[in-house]
Amino acid sequence: MATLKDVAKRAGVSVSTVSYSINGSHLISPETRNKVLKAAKDLGYRPNGPARNLKEKKTNIIGLFLSGFTGPFFNDMMEGIQDVVISKGLELVVCSSVDKHRLLIERHVDGAIILNYHMNDRLLASLAEEKFPIVVLDREMQSPFIKNILLPNEYGSALAVRHLLEKGHKRLGYIAGSIDSYDGETRLKGFKKELGAHGLEFFESDLLRADFTEQSGYKEMEKYLNRTEGPLPSAMVCANDEMAMGAIRAIKEKGMRVPDDMAVVGFDDIYLSQYFPPSLTTIQVPRKEWGIIAAKTLFRMLDNEFDFETEQVQVKLMARSSG
């Protein structure tokens with residue numbers, strides 16, 4: 001059976017370089033790593049996983065903790081994280097839980113990426129340390145061992161409002177999600193702030209609360225249209241595309257036209273948004289890139305690099321037929 005020494009001799013490098021290369025350390029150049037990995041493959045070298053993990057106190061597993069899997073938003077983000085994790089030679093475990101997940105508490109992973117509002121800040125702050133870094137995607141936290149990779153939600157909402165105002169709209173309504181959602185509430189905050197910056201009033205009666213699903217957007221818009229007397233907003237901004245699609249269905253069933261009678265703007269730019277009738281004007285979120293940035297940030301922390309500015313996710317307006 002081939003050993004580390006055999007691989008080092010074949011590749012013409014030191015044993016420590018072989019070890020660093022196999023474990024995906026950023027200290028090794030891509031050229032050297034590829035040479036070592038080829039030598040290992042040629043010799044049929046297989047690392048002794050249990051022995052190595054016991055010595056290094058590592059699991060070689062990255063944990064992604066979500067509050068749920070519903071909706072199409074998460075797939076691209078998870079793919080981005082998975083691509084980076086696999087490129088580093090590690091494994092990804094994806095968990096969904098409303099409680100303190102034991103894989104996190106008992107450190108069955110080397111590091112964690114969190115998009116789970118059920119896990120409170122105090123828990124995450126107590127767990128994060130130099131040997132156990134954490135990346136959060138759904139909250140702002142101050143810790144040397146926690147990095148925030150957040151979407152520019154306020155800016156995205158501002159783009160939606162500016163677009164509608166340029167179209168001549170004066171009264172805008174809003175469909176929000178759960179009040180517990182960081183992204184959802186910062187999108188609502190950005191919407192209100194941008195309206196205020198233009199000196200426009202927002203009527204709280206025009207604020208609808210759904211739960212980010214298409215059906216909930218449909219039901220809340222249907223109830224809103226049936227109960228509201230008098231003038232309606234000429235446009236609705238929604239905290240995500242699914243609620244926007246549901247709202248459009250309710251508007252059309254009421255005999256109204258989109259966007260002539262009421263324009264609708266979503267947020268996220270999920271795959272179906274461009275094919276939905278009418279095609280949805282929305283804010284494009286590069287979800288896979290978000291996942292890639294989150295994973296790369298975590299691996300820098302796993303290599304004991306903590307003092308750095310994180311890369312920012314960029315969003316843009318996709319102007320289509322609905323608004």
Looking only at the aromatic ring of each residue, does the gap between the centers of F145 and F306 stay below 6.0 angstrom?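 When the ring centroids of F306 and F145 are compared, they turn out to be within the sub-6.0 Å range.
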May I ask you to establish whether R287 and F74 are in a cation-pi arrangement, using a distance under 6.0 Å from NZ or CZ to the six-membered ring centre and at most 45° from the ring axis?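 No, R287 does not lie over the aromatic ring of F74.
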Consider only side-chain N and O atoms of N226 and K254, and report whether a donor and an acceptor are under 3.5 Å apart.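 Per modelled atom types, N226 and K254 side chains form a pair under 3.5 Å.
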Under 3.5 Å, is there a donor-acceptor pair linking the side chains of Y271 and D76?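 Per modelled atom types, Y271 and D76 side chains form no pair under 3.5 Å.
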Does the plane of the ring in F191 sit parallel, tilted or perpendicular to the ring in F202? Use 30° and 60° as the thresholds.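 The arrangement is perpendicular - the two ring planes meet at more than 60°.
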How far apart are the closest heavy atoms of V135 and A294, and which atoms are they?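 Closest pair (atom of V135, atom of A294, distance): CG2-O, 3.9 Å.
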If you compare all heavy atoms of L90 against all heavy atoms of F299, which two are closest, and at what distance to 0.1 Å?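 Closest approach of L90 to F299, heavy atoms only: CD2-CE2, 4.0 Å.
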Can you check whether I149's main-chain N or O pairs, donor with acceptor, with W290's side chain at less than 3.5 Å?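 Indeed, once roles are kept as given, a pair shorter than 3.5 Å links the two residues.
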Stepwise side chain to side chain contact (heavy atoms under 4.5 Å, CB included) check, M78 with L92: CA-CA 10 Å; M78 287 192 287; L92 177 69; 5.7 Å; no
Are more than 12 heavy atoms from other residues, nucleotides or ligands located less than 6.0 Å from atom CD of E309?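 Atom CD in E309 is not crowded, with 12 or fewer foreign heavy atoms closer than 6.0 Å.
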So how far is it from R187 CZ to F267 CZ, rounded to the nearest 0.5 Å?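 Going from CZ on R187 over to CZ on F267, the span is 4.0 Å.
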Test log, rule side-chain hydrogen bond (donor to acceptor under 3.5 Å, both in side chains), inputs S279 and S321: CA-CA 5 Å; S279 58; S321 301; 3.1 Å; yes
Salt-bridge criterion met for R209 and E220 (N-O under 4.0 Å):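 Result for this pair is no, no salt bridge flagged.
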Output all residues satisfying side-chain hydrogen bond (donor to acceptor under 3.5 Å, both in side chains) with S322, sequence neighbours left out; order by chain, then residue number.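 If we apply the side-chain hydrogen bond (donor to acceptor under 3.5 Å, both in side chains) test to S322, skipping adjacent residues, there are no hits.
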